[in-house]
Protein chains: 2
Amino acid sequence: MSTKKTSPPIQHQGAPVHEPLPRTRYKSGNPTIRDVAKLAGVAPITASRALSTPNAVSDLVRQRVRDAVAQIGYVPNLLAGALASRKSRLVAAVVPDISGPVFLETIESLTNTLALNGYQLMLGQSGYENSREDALLEAIIGRRPDGIILTGAMRSDQAKHKLKASGIPVVETWDLTDSPIDMLVGFSHEQIGKAVAQFLHAKGRRKLATISGNDDRSRRRARAFIQSAESLGLGQTNGVVPACYVPAPTTLASGRAGLRELLAAAPDIDAIFCSSDLMALGVLIEAQVRRIPIPSDIALIGFGDLSFSRDLEPALTSVRVDGALIGRTAAEFIVQRSERQSVHEPICNVGFSIVERATT
Amino acid sequence: MSTKKTSPPIQHQGAPVHEPLPRTRYKSGNPTIRDVAKLAGVAPITASRALSTPNAVSDLVRQRVRDAVAQIGYVPNLLAGALASRKSRLVAAVVPDISGPVFLETIESLTNTLALNGYQLMLGQSGYENSREDALLEAIIGRRPDGIILTGAMRSDQAKHKLKASGIPVVETWDLTDSPIDMLVGFSHEQIGKAVAQFLHAKGRRKLATISGNDDRSRRRARAFIQSAESLGLGQTNGVVPACYVPAPTTLASGRAGLRELLAAAPDIDAIFCSSDLMALGVLIEAQVRRIPIPSDIALIGFGDLSFSRDLEPALTSVRVDGALIGRTAAEFIVQRSERQSVHEPICNVGFSIVERATT
DNA sequence: ATGAAAGCGCTAACAC
DNA sequence: GTGTTAGCGCTTTCAT
């Protein structure tokens with residue numbers, strides 16, 4: 001017969017095996033690094049090292065720990081690790097609204113770049129109003145992310161202050177501001193507006209107009225566009241460049257409606273700058289219905305260079321911003337900062353380009 | 001004179017006030033609940049209660065704690081809270097690819113519904129291959145989310161097993177499977193394929209065809225569509241329904257190419273079922289270029305009912321699935337489960353509808 | 001209604 | 001290279 005019984009067998013080792021007796025309190029039930037260590041016959045910290053810094057332990061230990069992990073299906077509790085090490089490997093991204101397809105490319109490359117470095121993305125939607133900003137920020141900061149990436153939200157001063165006070169690295173994206181909270185990856189909306197006006201002028205257009213979303217950044221592009229155009233004398237006979245503002249997020253329908261509105265007010269326009277490609281598609285469709293030939297009667301240029309724009313008929317000219325580059329750069333900024341390397345030049349202007357196609 | 005000096009005053013209470021002397025190790029610097037408690041003149045646990053269960057403390061204490069919080073700008077460390085309470089208030093969502101606009105609506109309503117209940121969303125991209133699934137899963141489970149929401153990824157058995165073993169509530173979405181891991185919010189892709197074939201038949205179409213993404217679910221819709229159509233005798237003279245498979249994610253360009261391919265193989269088709277609205281738009285454009293009138297020569301029906309589809313010219317008929325409802329329901333399932341209420345009926349078929357517009 | 005003690009599961013800081 | 005100890009900041013348990 002053996003000692004195998006249901007009651008605990010007498011132990012030969014020096015240390016008593018009983019848990020400090022009446023101490024079973026609250027446990028989750030999942031295996032912990034202690035279980036792994038016990039099974040591998042090492043101290044918990046050694047097991048920890050075998051997993052996080054494999055080079056710091058002997059080959060033998062490393063292998064035994066790995067076996068133990070596999071055997072009991074151990075998955076490290078990163079919450080506990082984060083608490084102890086003050087590195088959560090979590091990065092938060094805040095977007096006004098995910099369904100505006102503009103930021104998708106950025107979020108996608110952000111997620112991927114972060115994943116490559118062992119970080120995870122937390123997503124927050126701020127909406128286009130400021131109301132939820134504060135609660136959202138609290139929820140984010142409370143999770144002690146290693147970085148926060150903003151895409152044009154967070155306009156309130158209180159929010160800015162909270163962010164600064166938190167000490168968490170912040171990257172503002174899709175814009176260049178004069179007083180960044182911390183780091184910056186973006187481009188100038190003003191320069192885009194100006195460049196588009198000049199581009200259309202160079203193409204021989206003389207009666208410009210614009211349809212723009214009413215969010216802050218679209219408006220700034222529109223304003224710069226209008227100013228440049230007016231100073232080049234590309235407005236109506238009264239000097240004014242007609243503009244139609246529609247609610248953000250912009251849609252195909254707002255593009256169609258925008259064209260109707262512009263034509264009603266100024267039938268002789270010969271070029272339109274849309275603040276999104278989706279709206280430009282709307283203009284294209286409305287023009288086709290009204291048998292207004294594009295680009296011969298009206299030239300058209302969008303913003304965002306969505307993936308489908310090149311395949312429209314006629315193919316759409318658009319302002320291209322490299323959203324994936326923005327995401328990648330922002331992620332790299334955070335990763336660098338969080339590995340305690342200071343970021344060399346934490347301001348990055350990714351610029352933009354005008355992709356000329358058939359609509360101009 | 002008072003006892004106020006820089007050296008610690010002699011205390012009248014029984015307990016010694018000195019920290020167990022030489023014990024300053026590693027701290028984060030952020031204010032903690034201890035700081036709040038000290039300032040409010042209560043024990044840490046009381047401060048904690050004042051914030052998490054305000055009704056459990058007196059009005060006076062509640063107010064003093066709130067003042068203290070505001071004064072020092074305290075933001076609770078949710079990581080620590082999660083570790084202690086085993087509730088992270090974090091929910092993970094896994095999508096194959098965020099830029100496929102189909103899931104956007106779901107993610108958006110997911111994020112919002114979760115936020116309303118004090119939860120935060122973690123996003124993971126699995127890609128359309130299985131390679132990253134495992135690492136992603138480990139990163140997710142390690143954070144001990146209160147729930148995991150899957151949108152059609154996680155096909156490997158190992159992944160399924162890991163999920164089950166973790167004990168974390170799981171909601172699979174955008175599909176109905178026979179052997180769900182846990183909870184389910186979706187609809188039948190097979191029924192859609194069948195319904196579309198019958199719909200086109202009822203519209204008098206007799207030569208059906210399809211352009212489909214090559215991902216699992218699009219293929220299942222296509223297969224059911226083809227089977228139904230063939231059994232209704234709606235194929236070519238040899239009985240076969242022509243099908244063109246393109247790589248996921250589908251694009252406008254693949255729609256254009258798909259139409260060309262179909263016409264080359266079977267010039268007499270009179271209806272096409274596209275596995276995405278974006279592809280259907282591509283077909284629309286290609287048809288327009290080739291002066292094939294839609295719907296008179298070819299009827300067209302898409303899938304997803306994207307927001308722009310109703311505003312196309314002609315307006316696109318599409319299979320509508322309520323993505324927002326899926327997101328909301330999934331979020332509610334998780335929230336209910338995590339508040340220890342068991343979910344009444346953890347399988348939800350949200351169904352679908354065919355939104356008939358001008359292209360049919 | 002409030003508090004003291006004891007962890008949640010992990011890793012940083014020191015030994016040896 | 002490995003182990004010991006003491007927390008990270010919070011909440012649970014139990015007592016008053």
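Not measured: the values here are computed from a predicted model. Throughout, protein chains are lettered first and strands after them, A, B, ... in sequence-line order, and every chain is numbered starting at 1.
Rounded to whole Å, atom C1' of D:dC8 lies 16 Å from atom CD1 of A:Ile33. One atom, CG of A:Leu51, and another, C1' of D:dT2, lie 15 Å apart when rounded to the nearest Å. In this structure, the CD1 atom of B:Ile45 is 12 Å from the C1' atom of C:dA6, given to the nearest Å. A:Leu79 places its CG atom 12 Å from the C1' atom of D:dG9, with the value rounded to the nearest Å. To the nearest angstrom, C1' of D:dT5 lies 12 Å from CZ of A:Arg34. In this structure, B:Arg143 places its CZ atom 17 Å from P of C:dG9, rounding to the nearest Å. Computed from coordinates, the B:Arg86 CZ to D:dG9 C1' distance equals 15 Å when rounded to whole Å. The CG-P distance, from B:Asn30 to D:dC8, rounds to 13 Å in whole Å.
With hydrogens and angles ignored, the 3.5 Å screen pairs no side-chain donor or acceptor of B:Ser48 with any backbone N or O of B:Pro44. Under a 3.5 Å cut-off, the side chain of B:Asp146 and the backbone N or O of B:Arg89 do form a donor-acceptor pair. A donor-acceptor contact shorter than 3.5 Å links the side chain of B:Lys87 to the backbone of B:Ser338. Side-chain atoms of A:Gln125 never come within 3.5 Å of backbone atoms of B:Asn112 as a donor-acceptor pair (strictly under, hydrogens ignored). Side-chain atoms of B:Thr173 come within 3.5 Å of backbone N or O of B:Leu150 as a donor-acceptor pair.
Residue A:Ala84 places its side chain closer to D:dG7 than to any other of D:dG3, C:dG3, D:dG7. When each of C:dG9, D:dG9, C:dG3 is scored by its nearest atom to the side-chain atoms of A:Asn77, the top-ranked nucleotide is C:dG9. If you check C:dA4, D:dC10, C:dC8 against the side chain of B:Leu83, the one that comes closest is C:dC8.
A heavy-atom distance below 4.0 Å to DNA chain C is reached by these residues of residues 54-67 of chain B, ordered by number: B:Ala56, B:Val57, B:Ser58, B:Val61.
The existence of a salt bridge linking B:Arg64 and B:Asp67 is excluded, since no basic side-chain nitrogen approaches an acidic carboxylate oxygen closer than 4.0 Å.
Side-chain atoms of A:Arg49 and base atoms of D:dG3 include a donor and an acceptor less than 3.5 Å apart.
With DNA chain C read from its 5' end, the first of the two nearest nucleotides for A:Thr32 and B:Ala47 is the one closest to B:Ala47.
Here the CZ atom belonging to A:Arg143 is positioned 9.0 Å from the CG atom belonging to A:Leu79, to the nearest 0.5 angstrom.
Within 4.0 Å of A:Pro76, counting heavy atoms only, lie sugar-phosphate atoms of the nucleic acid but no base atom.
Between A:Ser28 and the phosphate of C:dC8, there is no side-chain N or O to OP1/OP2 separation shorter than 4.0 Å. Taking 4.0 angstrom as the limit, A:Ser48 places none of its side-chain polar atoms (N or O) nearer than this to OP1 or OP2 of C:dC10.
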